Amino acid sequence: MERGSSEPPVARSTGSTQSSSTGSVPIPRSSSVSYHAHSGSKKHRQIPLCKRSMSFDPGLLHNNGHTAYANGTGSGIRETGVVEKLLTSYGFIQCSERQARLFFHCSQYNGALQDLKIGDDVEFEVSSDRRTGKPIAVKLLKIKPEVLPEERISGQVGPDLHAYPFTVLHGYIHPVVSSIPLHLDGKSAPGQMPTGSVCYERNGEVFYLTYTPDDVEGNVHLDTGDKVSFYMDTNKLTGAVSARNIQLVKKKQMRCQGVVCATKEAFGFIERADVVKEIFFHYSEFKGDLDALQVGDDVEFTIKDRNGKEVATDVRLLPQGTVVFEDIDYKLHEGTVVKVIPKIPTKNQNDPLPGRINVRIGFTEKELPFGEKDTRSKVTLLEGDHVQFNISTDRRDKLERATRIDILPDTFNFTKEAREMGVIAAIRDGFGFIKCVDRDARMFFHFSEVLEETQLHISDEVEFTVVPVGPVYNHFRKDMLSAQRNHAVRIKKLPKGTVSFHTQSEHRFVGVVEKEVVAVTSKNASPTKGKEKEAEEGVIAYEDCGVKLTLPYHAKDLEGGSHPQAGDKVEFSINEVKRTGQQSAVSIRVLNRNSSNAKRLHGFVATLKDNFGFIETANHDQEIFFHYSEVCGDVENLELGDTVEYTLSKGKGNKVSAEKVTKVAAVNGVGEDISASVMMGKVIRPLRSVDPSQTEYQGLIEVPEEGGTKGQTYPFGIMGMGNKADCLQKGELVKFQVCTVPQTGQKMACNVVPQRRAVVECVKDQFGFLTYEVGESKKLFFHVKEVQDGLELQAGDEVEFSVVLNQRTGKCSACNVRRVSEGPKPVVTPRPDRLVNRLKSITLDDASAPRLVILRQPRGPDNSKGFNVERKTRQPGVID
């Protein structure tokens with residue numbers, strides 16, 4: 001039995017016949033006193049029941065009440081006790097005056113048996129069982145509650161005990177019903193003493209006792225709900241009962257807070273906010289929408305002990321940001337990384353903050369830990385990195401750590417790491433590959449390793465560090481690869497032109513072409529051949545310090561578009577590949593042509609077909625065939641009117657064609673001495689590219705004279721066209737100027753611009769047609785994208801345009817369409833009066849009216865009936 005700090009007095013018997021234990025005293029239910037008559041002796045005073053331990057259920061109502069006790073009479077000594085066990089026909093009583101447990105039969109209870117319950121206080125006499133001789137309880141009487149008298153009666157103090165001014169009782173109380181306010185605890189307000197209250201329960205009844213700060217032992221503050229032990233005393237002057245010598249037994253279980261740190265299939269873990277520890281919880285203990293619970297959510301919970309382990313119960317969500325684990329100092333510090341977090345943690349690694357940063361604060365050097373979540377980015381940290389960070393202090397254990405770590409730009413001066421350069425070669429979803437300057441293999445990198453969070457694109461130049469990573473997880477095979485791989489980390493974007501895969505000599509060398517280059521592109525191959533020829537390198541011979549050497553070269557390394565031939569003297573620089581050390585000639589320029597080589601001619605591209613074309617000669621009077629396989633360079637770069645250099649050759653059937661066609665810098669067009677006057681004329685013969693049936697290459701323009709007689713004519717070629725892609729048709733009116741060809745002195749038309757006008761016939765969505773005759777067609781197609789200024793053409797609009805020929809299909813279309821004037825607005829023609837009158841006179845009963853005859857009912861895609869709603873004949877003037 002718990003007690004206070006002071007030893008309570010022990011009651012003694014005043015009669016010689018009283019039978020009670022010297023170590024325990026009777027405990028009535030309140031501070032009132034019960035008297036029992038004993039035969040042949042003086043009255044016996046009982047000690048109050050509240051000497052016994054008491055318990056309380058926090059769910060009980062706060063009802064102030066008092067218990068009374070019954071005075072038993074009989075021939076034997078009456079004792080008190082509590083019904084401990086109750087069965088159908090018998091039970092057991094725990095004696096209050098002594099350590100005994102007595103049997104009783106239900107027939108010995110004086111009252112309604114259904115009113116007797118476990119925990120009830122009863123009075124009884126002790127007798128002996130006739131059969132066994134054991135003591136049993138008989139003549140049971142339930143102690144009924146009654147109102148306490150206003151005047152309270154104190155117990156009698158024994159002669160061998162110290163005298164106390166009040167009766168001291170001992171018991172337990174579970175919660176403090178009303179604690180003393182913190183701002184008044186230990187202080188006396190003017191005119192009053194701050195008080196609180198405690199309560200205890202007996203047989204379903206709740207009793208309240210007041211207390212003051214002086215009644216609490218140990219200088220502790222009590223909170224509502226704390227479990228305490230105390231003594232009860234009765235004031236002799238007022239009869240008031242209060243609690244004294246209060247000792248704290250157990251603090252009330254407070255609600256704890258934390259953050260969900262892990263979730264499994266049926267349970268999870270919470271990182272506690274009060275101690276550095278995780279606690280288990282089952283999903284059945286979560287009070288809320290379980291589907292909405294995520295890692296990182298703030299929660300509150302109660303801790304309970306189950307099977308010797310602490311678990312979280314009654315878990316509930318809190319507003320985000322409620323739980324705070326740490327305080328962050330926003331002052332920035334600089335330090336050096338002395339230990340990095342391993343990419344692949346070892347089995348024995350239990351430290352959640354394995355990284356270390358050395359920092360000097362004032363005159364003291366510290367080594368601060370950090371974890372994976374303490375870096376602002378996922379860029380790999382290396383030992384020796386110069387970093388910037390904040391210091392975080394954990395509220396639970398005051399541990400300091402580095403957080404919000406950023407790599408400083410000058411860190412590469414501290415780490416002395418080997419930096420490499422390259423170009424972004426490929427980008428995928430979340431990762432990519434770098435073409436390295438010093439390595440053959442492409443280097444893998446992840447987007448998280450990009451410094452400064454810059455967006456990378458293909459062909460961007462970068463600088464990076466290569467580190468081995470292994471074993472590597474294969475995302476496609478879903479397993480671990482034992483072999484190590486090199487990855488690019490700490491990637492920094494560089495300005496354009498920084499990265500170079502080659503080194504070029506500043507000194508210029510002179511040599512002779514030994515072998516010509518044969519450049520082949522995807523369009524160079526003949527469609528009749530199965531495979532494309534591979535590009536062949538040319539060879540240049542030169543001397544360096546008296547030693548004869550040779551170097552390869554490629555067509556892309558030629559300058560000025562001039563194509564050197566075998567025996568030509570050239571000037572060049574030497575280029576060396578950094579990765580392999582391979583050398584080649586670049587920036588090649590022809591110095592002298594070999595006189596024995598075939599003469600190189602100049603011309604102009606006049607026609608481009610699928611795999612061949614025609615070159616207009618320098619005199620603008622003929623065209624020469626060439627195949628794309630003879631083009632030195634990329635055919636995609638050739639356009640109509642480009643100046644080219646070529647060599648004539650004869651093939652099968654003694655036909656002349658151009659070989660080694662090379663695009664060169666543009667020269668003067670048709671000729672010189674262009675007249676300032678602009679003339680009007682009519683095309684009487686188009687170019688041969690427009691009308692392949694004619695034998696002459698040149699087109700012809702006639703200037704009509706007054707009276708309609710034939711006038712002077714002027715020829716023109718592709719270089720005489722204002723728009724080289726324009727397709728001039730026979731009979732079209734044109735404006736032009738006249739120039740003189742220097743080589744022949746011939747007068748030719750130049751800057752020829754057609755004067756076309758036509759009317760828009762119709763427009764359909766994204767295309768339309770013009771009323772213009774081209775060849776056998778009476779209409780000319782155009783796309784709305786070719787309409788200038790983004791105007792929407794309508795039928796009847798007058799437009800100017802150019803005609804272009806599709807070399808692949810051989811069909812013409814209009815381009816550069818410009819509206820000259822708008823056509824007449826369409827006028828809605830009203831219905832004829834006879835038709836209107838006819839419609840007004842028709843009725844449903846008119847047999848001569850037009851009738852619709854249903855030939856076939858509509859059906860759906862699945863061959864079901866198309867309309868489920870039955871159609872009915874509509875009556876005039878009736879609305880359904």
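For this chain, numbers begin at 1 and follow the sequence in order. For clarity, every value in this text was computed on a predicted model and none was experimentally measured.
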Assess whether ring-ring contact (aromatic ring centres under 6.0 Å, His included) is satisfied between F280 and F267, documenting all intermediate values. CA-CA 7 Å; F280 169 90; F267 59 91; 5.4 Å; yes

Any Lys/Arg nitrogen of K142 or E123 sitting under 4.0 Å from an Asp/Glu carboxylate oxygen of the other? no

Quick check: do I357 and I405 have side-chain heavy atoms less than 4.5 Å from each other? yes

Does R396 pair with E271 as a salt bridge, N-O distance under 4.0 Å? yes

Please assess L293 against V260 for the test side chain to side chain contact (heavy atoms under 4.5 Å, CB included), listing each intermediate value before the final yes or no. CA-CA 9 Å; L293 185 65; V260 178; 4.0 Å; yes

Less than 4.0 angstrom from a charged side-chain N to a carboxylate O is my criterion; do K378 and E372 meet it? no

Do V83 and V122 touch side chain to side chain, with heavy atoms closer than 4.5 Å? yes

Any donor and acceptor pair, going by atom type alone, linking the side chain of N390 with main-chain N or O of D329 inside 3.5 Å? yes

Shortest non-hydrogen separation from A402 to F389 and the atoms involved: CB-CD1, 3.7 Å

Mind listing the closest non-hydrogen atom pair of C256 and D274 along with its distance? SG-OD2, 4.0 Å

Considering only NZ, NE, NH1 and NH2 on the basic side and carboxylate oxygens on the acidic side, decide whether R255 and E300 come within less than 4.0 Å. yes

Would you check if there is a donor-acceptor pair between the side chains of D406 and Q388 at a distance under 3.5 Å? no

Could you go through residues 102-116 and list every donor-acceptor pair under 3.5 Å that involves a side-chain atom there, pairing it with any protein atom two or more places apart or in another chain?
residue	atom	partner	partner atom	Å
H105	ND1	S107	N	3.1
H105	ND1	S107	OG	3.0
Q108	OE1	K139	N	3.3

Working to the nearest 0.5 angstrom, can you tell me the gap between L209 CG and I246 CD1? 8.5 Å

To check you understand the geometry: which heavy-atom pair defines the closest contact between E79 and C95, and what is its length? OE1-SG, 4.1 Å

Any salt bridge linking R356 with D351? Criterion: basic side-chain nitrogen under 4.0 Å from a carboxylate oxygen. yes

Give the intermediate values and the outcome of side chain to side chain contact (heavy atoms under 4.5 Å, CB included) for residues D298 and Q257. CA-CA 7 Å; D298 293 355; Q257 294 182 344; over 6 Å; no

Donor-acceptor contact present, side-chain D215 to main-chain N245, <3.5 Å: no

Is there a side-chain contact between I270 and V259 in this structure, where contact means two heavy atoms from C-beta onward sitting under 4.5 Å apart? no

Scanning both residues in full, the closest heavy-atom pair of G258 with V323 reads O-CG2, 3.4 Å

4.5 Å side-chain heavy-atom contact, Q247 and V216: no

d(T393 OG1, E326 CD) to nearest 0.5 Å is 8.5 Å

Under 6.0 Å from the OH atom of Y283, do we count more than 12 heavy atoms belonging to anything else shown? yes

Interatomic distance, F269 atom CZ to C261 atom SG [nearest 0.5 angstrom]: 8.0 Å

Residues D129, K134: salt bridge by 4.0 Å N-O rule: no

Stepwise, does the side chain to side chain contact (heavy atoms under 4.5 Å, CB included) test hold for N358 with L368? CA-CA 6 Å; N358 192 12; L368 299 177; over 6 Å; no

State, without any angle test, whether R244 and S242 hold a side-chain donor-acceptor pair at a distance under 3.5 Å. yes

Using every non-hydrogen atom in the two residues, find where I328 and R404 come nearest and quote the distance to one decimal. CD1-NH2, 3.7 Å

Could you measure the distance from the CG atom of D397 to the CG atom of D394? Nearest 0.5 Å is fine. 4.5 Å

Compare all side-chain heavy atoms of I361 with those of K366 and state whether any distance is below 4.5 angstrom. yes

Does some side-chain heavy atom of Y90 sit less than 4.5 Å from a side-chain heavy atom of I136? no

Under the side chain to side chain contact (heavy atoms under 4.5 Å, CB included) rule, what do D120 and V82 come out as? Steps first, then yes or no, please. CA-CA 6 Å; D120 285 349; V82 179; over 6 Å; no

What's the separation between atom CG in D314 and atom CZ in F281, rounded to the nearest 0.5 Å? 12.5 Å

Return the minimal non-hydrogen interatomic distance between Y211 and A243, and the atom names on each side. CB-O, 4.0 Å

Can you list every salt bridge (charged side-chain N to carboxylate O under 4.0 Å, His left out) pair that touches residues 277-289, not counting sequence neighbours? K277-E310, E285-R306

What I'd like to find out is whether the side chain of T336 reaches to under 4.5 Å of the side chain of V387, using heavy atoms alone. no

Taking the cut-offs as 6.0 angstrom to the six-membered ring centre and 45 degrees off its axis, would you call R101 and F92 a cation-pi pair? yes

Among all residues two or more places apart in sequence or in another chain, which pass the side chain to side chain donor-acceptor pair (under 3.5 Å) test with T403? D374

Separation of S96 OG from D121 CG (nearest 0.5 Å): 6.5 Å

Does the side chain of I118 reach to within under 4.5 Å of the side chain of E84, using non-hydrogen atoms? no

